[in-house]
Amino acid sequence: MKKLFTIALTLTLFSCGFSPMHAPRNDATTSTTREIFVAPISGTNGVDMRNSLRARFGFTDGVAARYTLTVDLKNPETIFKALQKTGDATWQEVRVTANYTLTETSTGTVLISATDTASESYTFVRDLVAAQASHNNAVQSAIRILSEKIETRIVAKLAK
């Protein structure tokens with residue numbers, strides 16, 4: 001009975017056009033995003049951002065790529081969120097901003113020119129090593145979120 005229910009549910013989902021969001025696809029959008037060269041981004045956080053974007057778009061050579069993505073990553077900003085009566089911060093937010101441009105490599109035509117921001121909160125502790133580790137983890141998380149936002153906007157633009 002359970003097997004019959006599973007088969008019926010599967011047939012129903014696929015007949016309505018449902019497809020998992022992260023399922024591998026071979027359509028034009030997927031192949032187009034594999035033709036994006038991510039230009040080097042300055043700084044340690046820039047290296048992490050480029051690696052994250054390259055993992056999403058593939059590792060394409062700049063000469064062979066159809067599109068070039070150029071990213072200007074700003075230094076992370078720290079914002080104090082919760083203050084004690086003594087003035088010490090106990091909760092902080094890291095905000096990372098990137099200006100980026102997607103151009104067609106052969107013609108130089110700008111397809112997207114945008115700015116996105118991502119933020120991540122973390123608990124600030126008095127131990128210096130733990131505080132630095134929390135800050136670094138928050139920055140890495142914000143970079144990952146920002147690269148997801150950039151990918152979403154580019155895929156939506158190229159799907160048109």
### Query
For Thr70 and Tyr100, what are the C-alpha separation, side-chain angles and deciding distance, and is it a side-chain contact (heavy atoms from CB on, under 4.5 Å)?
CA-CA 6 Å; Thr70 307; Tyr100 57 95; over 6 Å; no
### Query
Which heavy atom in Val96 sits nearest to a heavy atom in Pro76, and how many Å separate them?
CG2-CB, 4.2 Å
### Message
I'd like to know whether Ile154 forms a side-chain contact (heavy atoms from CB on, under 4.5 Å) with Tyr67, so could you lay out the CA-CA distance, the side-chain angles of the two residues, the decisive distance to 0.1 Å, and finally the verdict.
### Response
CA-CA 11 Å; Ile154 289 173; Tyr67 304 103; over 6 Å; no
### Query
Can you tell me how far the CG atom of Asn45 sits from the CG atom of Asn75, to the nearest 0.5 Å?
7.5 Å
### Query
Honestly curious: do Ile36 and Ile112 fall in one hydrophobic cluster under the side-chain, below-4.5 Å linking rule?
yes
### Query
Within a strict 4.5 Å, meaning less than it, do heavy atoms of the Lys74 and Asn99 side chains meet?
yes
### Task
Check whether any side-chain N or O of Ser141 sits under 3.5 Å from a backbone N or O of Asn137 as a donor-acceptor pair, and report yes or no.
no
### Query
If you measure from CD1 on Ile143 to CZ on Arg50, what distance do you get to the nearest 0.5 Å?
14.5 Å
### Message
Quick check: do Leu111 and Leu158 have side-chain heavy atoms less than 4.5 Å from each other?
### Response
yes
### Query
Is the closest side-chain heavy-atom distance between Tyr122 and Thr78 below 4.5 Å?
yes
### Non-hydrogen atoms of Thr101 and Ser113 that approach each other most closely
OG1-OG, 3.9 Å
### Query
Quick one: CD1 on Ile41 to CG on Leu69, what's the gap to the nearest 0.5 Å?
7.0 Å
### Query
CD/Gln140 to CE/Met49 distance, rounded to the nearest 0.5 angstrom?
10.0 Å
#### Entry: Derivation of the side-chain contact (heavy atoms from CB on, under 4.5 Å) call for Leu102 and Lys157
CA-CA 10 Å; Leu102 182 71; Lys157 176 66 175 182; 5.6 Å; no
### Query
Are the side chain of Ser52 and the backbone N or O of Asp48 linked by a donor-acceptor pair below 3.5 Å?
no
### Query
Out of curiosity, Asn51 CG to Arg56 CZ, how far, rounded to the nearest 0.5 Å?
12.0 Å
### Query
Just how far is it from atom CD of Glu77 to atom OG1 of Thr117, taken to the nearest 0.5 Å?
8.0 Å
### Val38 vs Phe57 side-chain heavy atoms within contact, under 4.5 Å
yes
### Task
Sequence neighbours left out, what passes salt bridge (charged side-chain N to carboxylate O under 4.0 Å, His left out) with Arg95? Give chain and number order.
Glu93
